[in-house]
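Heads up, the thing below is written out as structure tokens.
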Amino acid sequence: MKSILTPLGPKADKDTVRRHNLSLVLRAVRDEGESGEATRAGVAARVGLTRAAVSSLVEQLMDSGFLTESGKTFSGQAGRPGTALKVARTGPAGLGVEINIDYVSVCVVDLAGTGRVRQTEHLDNRGAPAEEVLARAAAIAARTLDSAREQELRPVGAALALPGLVSGGAVRQAPNLGWNEVPAQDLFGDALTALRPGRPVLPVASENEANLAALAELWFGGLGDVRSFLYLTGEIGVGGALVLNGELLRGAHGFAGEIGHVVVDPDGPECRCGSRGCLEQYAGQSALLRAAGVDGAGGGSGVLELERRARAGDERAVAAVAEAGRMLGRVVSGAVNLVDPDAVVLGGIYRGLMPWLSPPADEELTGRVVSGLWSPGSGRLRASSVAGDAARGAAALVVQDVLDDPVAYAEPSGG
């Protein structure tokens with residue numbers, strides 16, 4: 001039998017190796033800075049390079065504006081004290097733009113992952129032409145870029161966080177927005193470029209908003225050692241994402257995680273996707289507010305009113321949230337049985353509703369997860385952190401590209 005060989009890439013030359021090592025050092029400084037102070041000696045030990053090699057790489061990263069150094073730091077060991085290294089608070093950064101049903105949120109994240117600028121506008125995007133919604137988002141992004149420039153930040157790319165099925169730069173289907181086959185990347189990019197004449201064209205990427213919220217939770221949340229989890233975000237619909245061993249599972253076509261359209265009852269209410277009885281018809285924002293008797297016209301204010309009524313012990317509100325929790329637990333138990341995550345994380349509107357949502361969801365999971373590893377109060381069902389939002393995840397996605405190849409994002413000569 002003739003063997004099938006996987007084609008090999010070209011042999012790495014000196015330039016390729018150095019670019020890789022620059023990425024290693026930059027990431028090491030960023031990671032060390034999260035827990036303490038990074039030094040050349042500490043970075044050398046972490047990445048397995050000589051101190052001399054690391055010093056040369058550090059000098060290049062400082063000359064290019066990616067790293068800074070400050071006063072002496074003492075390790076408690078023999079030898080001269082080193083200088084503390086940190087990723088720069090100026091220079092390359094990422095721009096994240098979340099477009100949702102009733103708001104647009106834009107943020108800029110620096111190389112350390114810190115959110116530096118945030119602008120959010122509450123807009124009713126339902127029924128509005130896609131071009132109009134994306135133009136509004138571009139206008140907010142342009143103002144955010146101006147604010148970033150005032151802090152000497154230089155966003156090198158933008159990433160869109162979009163609801164629905166996102167693939168190849170387009171929203172294939174977003175039922176709650178009424179979008180089908182919308183070339184979102186191109187429309188947003190063109191609108192942003194038109195608002196910034198004479199400025200460099202900003203590369204634009206796009207991803208499902210639940211995926212990016214899950215990545216923000218992974219990178220910035222309070223998950224500790226948890227690297228495999230199912231993330232659900234409650235908005236007008238219900239989005240989902242799956243992270244396994246620290247990697248986002250996108251599926252063969254990029255559509256994995258559409259848990260909001262798992263059918264709970266085939267004879268249930270009609271869903272915007274064309275099916276009936278989908279989970280979001282029981283646990284989405286509109287369904288929750290309707291069941292609780294809360295006016296949903298105000299979007300976020302309706303959710304706050306629902307929380308207020310639940311805290312006050314309003315029976316209808318508490319019952320509505322509990323029923324949503326039961327439906328969530330029922331559907332999520334199937335996903336837990338299928339992929340065996342360490343945790344299930346609930347974000348979006350669910351975070352503030354956890355006191356009333358979690359117990360019935362936990363009860364369903366305990367009764368339906370076949371491994372026997374799920375028990376009420378185990379901590380495996382948890383609220384997302386405030387850091388886990390899609391706009392920040394989108395901006396951080398751009399920053400990951402910078403960390404992967406800093407040479408590609410160095411300040412142009414004379415720029």
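For the numbers below, each heavy atom of this structure counts, side chains included, while hydrogens, waters and symmetry mates do not.
Nearest heavy-atom pair across Pro155 and Leu202 is O-CD1, 3.3 Å. Shown here for Leu288 and Tyr350, the closest heavy-atom pair between the two residues is CD1-CE2, 4.5 Å. For Ala88 against Leu111, the heavy-atom pair with the smallest separation is O-CB, 4.4 Å. Scanning all heavy atoms of the two residues, the minimum distance from Ser275 to Val263 falls at OG-CG2, 3.7 Å. Here the closest heavy-atom approach between residue Val318 and residue Ala310 is recorded as CG2-O, 3.9 Å. The two residues Gly240 and Asn211 make their nearest non-hydrogen contact at O-OD1, 4.1 Å.
Looking at heavy atoms from C-beta onward, Val345 lies in side-chain contact with Leu223 at the 4.5 angstrom threshold. Residues Val182 and Asn180 are not in side-chain contact: their nearest non-hydrogen atoms beyond the backbone lie 4.5 Å or more apart. Leu192 places a side-chain heavy atom less than 4.5 Å from the side chain of Leu145. Proximity of Glu280 to Asn176: side-chain heavy atoms (C-beta onward) are separated by under 4.5 Å at one or more points. Within the 4.5 Å cutoff, the side chain of Ile259 has no heavy atoms near those of the Tyr231 side chain. Looking at heavy atoms from C-beta onward, Arg118 lies out of side-chain contact with Val106 at the 4.5 angstrom threshold. Counting only heavy atoms from C-beta outward, the side chains of Leu230 and Val339 never approach each other to under 4.5 Å. Here the side chains of Phe66 and Val29 are not in contact, with every heavy-atom distance at 4.5 Å or above.
For CD of Glu247, the number of neighbouring non-hydrogen atoms (other residues, nucleotides, ligands) closer than 6.0 Å is 12 at most.
Rounding to the nearest 0.5 Å gives a distance of 8.0 Å between OG of Ser70 and CG of Leu85. Rounding to the nearest 0.5 Å places CG of Asn125 at 7.0 Å from CH2 of Trp179. With values rounded to the nearest 0.5 angstrom, Gln400 atom CD is found 7.5 Å from Leu397 atom CG. The OG atom of Ser56 lies 9.5 Å from the CG atom of Leu61; values are rounded to the nearest 0.5 Å. We find the CD-CG distance between Gln185 and Asp190 to be 11.0 Å, quoted to the nearest 0.5 Å. Remark: Arg126 CZ to Ile236 CD1 distance equals 4.5 Å, nearest 0.5 Å.
Comment: Arg149 engages Asp146 in a salt bridge, judged by a side-chain N to carboxylate O separation of less than 4.0 angstrom. Between Arg19 and Asp405 there is a salt bridge, since at least one side-chain N of the basic residue sits less than 4.0 Å from a carboxylate O of the acidic one. Salt bridge Glu364/Arg330: present, at least one basic N to carboxylate O contact under 4.0 Å. Residues Glu363 and Arg368 are not paired through a salt bridge, judged by the lack of any N-O separation under 4.0 Å between the basic side chain and the carboxylate. Using a 4.0 Å cut-off between charged side-chain N and carboxylate O, Glu69 and Lys86 make no salt bridge. Between Arg308 and Asp314, no side-chain nitrogen of the basic residue sits less than 4.0 Å from a carboxylate oxygen of the acidic one, so the salt-bridge criterion is not met.
For the pair Thr366 (side chain) and Asp362 (backbone), a donor-acceptor distance under 3.5 Å is present. A donor-acceptor pair under 3.5 Å is formed between the side chain of Arg380 and the backbone N or O of Leu373. A donor-acceptor pair under 3.5 Å is absent between the side-chain atoms of Ser105 and the main chain of Thr120, judged by distance alone. The backbone N or O of Val87 sits nowhere less than 3.5 Å from a side-chain atom of Arg30 that would complete a donor-acceptor pair. The closest donor-acceptor contact from the side chain of Glu217 to the backbone of Ser385 lies under 3.5 Å. With hydrogens and angles ignored, the 3.5 Å screen pairs a side-chain donor or acceptor of Arg382 with a backbone N or O of Gly379. Checked by atom type and distance alone, the side chain of Arg89 never pairs as donor or acceptor with a backbone atom of Leu153 at under 3.5 Å. Using a distance-only test at 3.5 Å, with no hydrogens or angles considered, a donor-acceptor pair links the side chain of Arg276 to the main chain of Gly268. At least one donor-acceptor pair closer than 3.5 Å links the side chain of Arg309 to the backbone N or O of Gly293. Looking only at distances, a side-chain donor or acceptor of Thr193 sits under 3.5 Å from a matching main-chain atom of Gly189.
If you check the side chains of Asn100 and Glu98, you find a donor sitting under 3.5 Å from an acceptor. Arg18 and Gln60 are linked by a side-chain donor-acceptor pair at a separation below 3.5 angstrom, with hydrogens and angles left out of the test. Residues Thr144 and Arg116 have side chains that never bring a donor and an acceptor to within less than 3.5 angstrom of each other. Between the side chains of Thr90 and Arg154, no donor-acceptor pair is found at a separation under 3.5 Å.
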- Message: Apply side chain to side chain contact (heavy atoms under 4.5 Å, CB included) to residues Asp110 and Val108 and explain how you reach the verdict.
- Response: CA-CA 7 Å; Asp110 65 19; Val108 172; over 6 Å; no
- Task: Go through Arg27 and Asp404 one step at a time and tell me if the side chain to side chain contact (heavy atoms under 4.5 Å, CB included) criterion holds.
- Result: CA-CA 8 Å; Arg27 285 184 176 277; Asp404 284 342; 2.4 Å; yes
- Carefully, step by step, assess Arg40 and Glu59 under the rule salt bridge (charged side-chain N to carboxylate O under 4.0 Å, His left out). CA-CA 10 Å; Arg40 288 169 174 78; Glu59 292 302 320; 3.0 Å; yes
- Task: Decide yes or no on side-chain hydrogen bond (donor to acceptor under 3.5 Å, both in side chains) for Arg250 and Asn208, but give the supporting numbers first.
- Result: CA-CA 10 Å; Arg250 288 185 168 87; Asn208 172 266; over 6 Å; no
- Message: With side chain to side chain contact (heavy atoms under 4.5 Å, CB included) as the criterion, how do Asp265 and Tyr282 come out once you've worked through the C-alpha distance, each side chain's angles and the decisive distance to 0.1 Å?
- Response: CA-CA 10 Å; Asp265 179 0; Tyr282 301 91; 3.6 Å; yes
- Message: Assess the residue pair Val332 and Leu365 against the criterion (side chain to side chain contact (heavy atoms under 4.5 Å, CB included)); give the C-alpha distance rounded to whole Å, side-chain angles, the decisive distance to 0.1 Å, and a yes or no.
- Response: CA-CA 7 Å; Val332 169; Leu365 284 157; 3.9 Å; yes
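Taking the centre and axis of the six-membered ring of Phe255, the NZ or CZ atom of Arg172 falls outside the cone set by 45° and 6.0 Å.
The side chain to side chain donor-acceptor pair (under 3.5 Å) test applied to Trp356 returns no partner, not counting sequence neighbours.
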